[in-house]
Student: 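One structure follows; several queries about it will come next.
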Amino acid sequence: MKIINSKNFLRVTMFLSIYTTHIWINSFYLSPRNVDFSKYYDYINYFLGLNVEIDYGQGVLYYYLISSLLKSKLDVIDFTNYELVLNSAVQNVNLFLFLIGLYGVYRLLRIKTYKSDTIFAVLIVLVFFPQSIYIRAVMKPEILGFALFPWILFFLEKYMNQNK
């Protein structure tokens, strides 16, 4: 009996890839030190209840998710670790949204009848794609677009198939 087949190997490799890149991003990148962080930080402050105006023209759902996770960690924040706690909140929200997007790509490729081996190989490449690492590292709402776009394509494809 074959215990490790290519499908299981690729699944384990994909999950290890996601875990490894997440740890790598958390270890070597601080989102609060990003160049654009200062203009987006007011969105988080707004949802934390500070009296600031948000007028940059970005959507607020992404920043609401980050501030909600940050609110749950307010008791551990002090002057010495606020960057690390904020970075952790950003990275965890980005990881969650990235996983939603990856699952959407998986479902889209399944509906297009690709083999599981091919799908997992594509997802592994997507995990290590430089732009994927970038959108997981910085605090910008583009990761929300990545999370939702495959699902839009999936439901559009499903709708088109059902109308035939």
Student: Students often mix this up, so state it plainly: with edges at 30° and 60°, are the rings of Tyr106 and Tyr103 parallel, tilted or perpendicular?
Tutor: parallel
Student: Got a second to check how far Phe37's CZ is from Leu30's CG, nearest 0.5 Å?
Tutor: 10.0 Å
Student: Do Val125 and Tyr19 belong to the same hydrophobic cluster, where Ile, Leu, Val, Met, Phe, Trp and Tyr are linked whenever their side-chain heavy atoms lie under 4.5 Å apart, directly or via other members?
Tutor: no
Student: So Leu97 and Phe146, do their side chains get closer than 4.5 Å, heavy atoms only?
Tutor: no
Student: Evaluate whether atom OH of Tyr46 has more than 12 neighbouring non-hydrogen atoms of other residues, nucleotides or ligands under 6.0 angstrom away.
Tutor: no
Student: So, using salt bridge (charged side-chain N to carboxylate O under 4.0 Å, His left out) as the criterion, who are the partners of Glu157 when residues are at least two apart?
Tutor: Lys112
Student: Check whether the ring centres of Tyr63 and Phe47 lie less than 6.0 Å apart, and answer yes or no.
Tutor: no
Student: Heavy-atom count check: over 12 atoms from other residues, nucleotides or ligands less than 6.0 Å from Phe128 CZ?
Tutor: yes
Student: From Leu109 CG over to Thr118 OG1, what is the distance, rounded to the nearest 0.5 angstrom?
Tutor: 9.0 Å
Student: Apply side chain to side chain contact (heavy atoms under 4.5 Å, CB included) to Tyr62 and Met139, showing your working.
Tutor: CA-CA 9 Å; Tyr62 175 71; Met139 187 179 77; 3.8 Å; yes
Student: Is Phe129 reachable from Leu123 through a run of hydrophobic residues whose side-chain heavy atoms are each under 4.5 Å from the next?
Tutor: no
Student: Out of curiosity, does Tyr43 fall in the hydrophobic cluster containing Tyr82 (side-chain heavy atoms, cut-off under 4.5 Å, transitive links)?
Tutor: yes
Student: Cut-off 3.5 Å, side chains only: do Asn87 and Gln91 have a donor facing an acceptor?
Tutor: yes
Student: Nearest heavy-atom pair of Thr13 and Phe9: which atoms, and what distance?
Tutor: OG1-O, 2.7 Å
Student: Atom CD1 of Ile77 and atom NZ of Lys71: how far apart are they, to the nearest 0.5 Å?
Tutor: 12.0 Å
Student: Could you walk me through whether Val76 and Val85 pass the side chain to side chain contact (heavy atoms under 4.5 Å, CB included) test, one step at a time?
Tutor: CA-CA 8 Å; Val76 298; Val85 174; 4.3 Å; yes
Student: Distance from Phe120 atom CZ to Met14 atom CE, nearest 0.5 Å?
Tutor: 5.0 Å
Student: Ignoring hydrogens, what is the shortest heavy-atom contact between Leu108 and Ile111? Give both atom names and the distance.
Tutor: O-CG2, 3.0 Å
Student: Consider side chain to side chain contact (heavy atoms under 4.5 Å, CB included). Of Ile133, Val93, Thr21, Ile143, which one does Phe98 pass it with?
Tutor: Ile143
Student: Between Val138 and Tyr40, is any pair of side-chain heavy atoms under 4.5 Å apart?
Tutor: no
Student: Is Ser132 reaching over with its side chain to a backbone N or O of Val127, donor-acceptor style, under 3.5 angstrom?
Tutor: no
Student: Hey, quick one: are Val90 and Tyr134 part of the same hydrophobic cluster, counting side-chain heavy atoms closer than 4.5 Å, chains of contacts allowed?
Tutor: yes
Student: Does OH belonging to Tyr64 count more than 12 external heavy atoms closer than 6.0 Å?
Tutor: no
Student: For Asn92 and Ser88: C-alpha separation, side-chain torsions, deciding distance, then whether side chain to side chain contact (heavy atoms under 4.5 Å, CB included) applies.
Tutor: CA-CA 6 Å; Asn92 288 335; Ser88 173; 3.4 Å; yes
Student: Measure from the side-chain N and O atoms of Asn81 to the backbone N and O of Asp78, and report whether any donor-acceptor pair falls under 3.5 Å.
Tutor: yes
Student: Going by heavy atoms in the side chains, are Asp36 and Lys140 under 4.5 Å from each other?
Tutor: yes
Student: Please answer: with hydrophobic residues joined when any side-chain heavy atoms are less than 4.5 Å apart, are Phe15 and Val12 in the same cluster?
Tutor: no
Student: Could you walk me through whether Ile100 and Trp151 satisfy the side chain to side chain contact (heavy atoms under 4.5 Å, CB included) test, starting with their C-alpha distance in whole Å, then the side-chain angles of each, then the deciding distance to 0.1 Å, before giving a yes or no?
Tutor: CA-CA 9 Å; Ile100 290 173; Trp151 287 102; 3.6 Å; yes
Student: Closest heavy-atom contact between Arg136 and Ile18?
Tutor: NH2-O, 3.5 Å
Student: CG/Asn94 to CG/Leu144 distance, rounded to the nearest 0.5 angstrom?
Tutor: 10.0 Å
Student: For residues Leu48 and Ser67, report the shortest heavy-atom separation together with the two atoms involved.
Tutor: CD2-O, 3.9 Å
Student: Do you know which two heavy atoms are closest between Pro150 and Gly104, and how far apart they sit?
Tutor: CB-C, 3.5 Å
Student: Do other residues, nucleotides or ligands put more than 12 heavy atoms under 6.0 Å from Lys73 NZ?
Tutor: yes
Student: Can you find a side-chain donor-acceptor pair between Arg110 and Ser116 that sits under 3.5 Å?
Tutor: yes
Student: Quick one: pull up CG in Leu50 and CG in Asp42 and give me the separation to the nearest 0.5 Å.
Tutor: 9.0 Å
Student: For Leu70 versus Leu86, what's the shortest heavy-atom pair and its separation?
Tutor: CD2-CD1, 3.5 Å
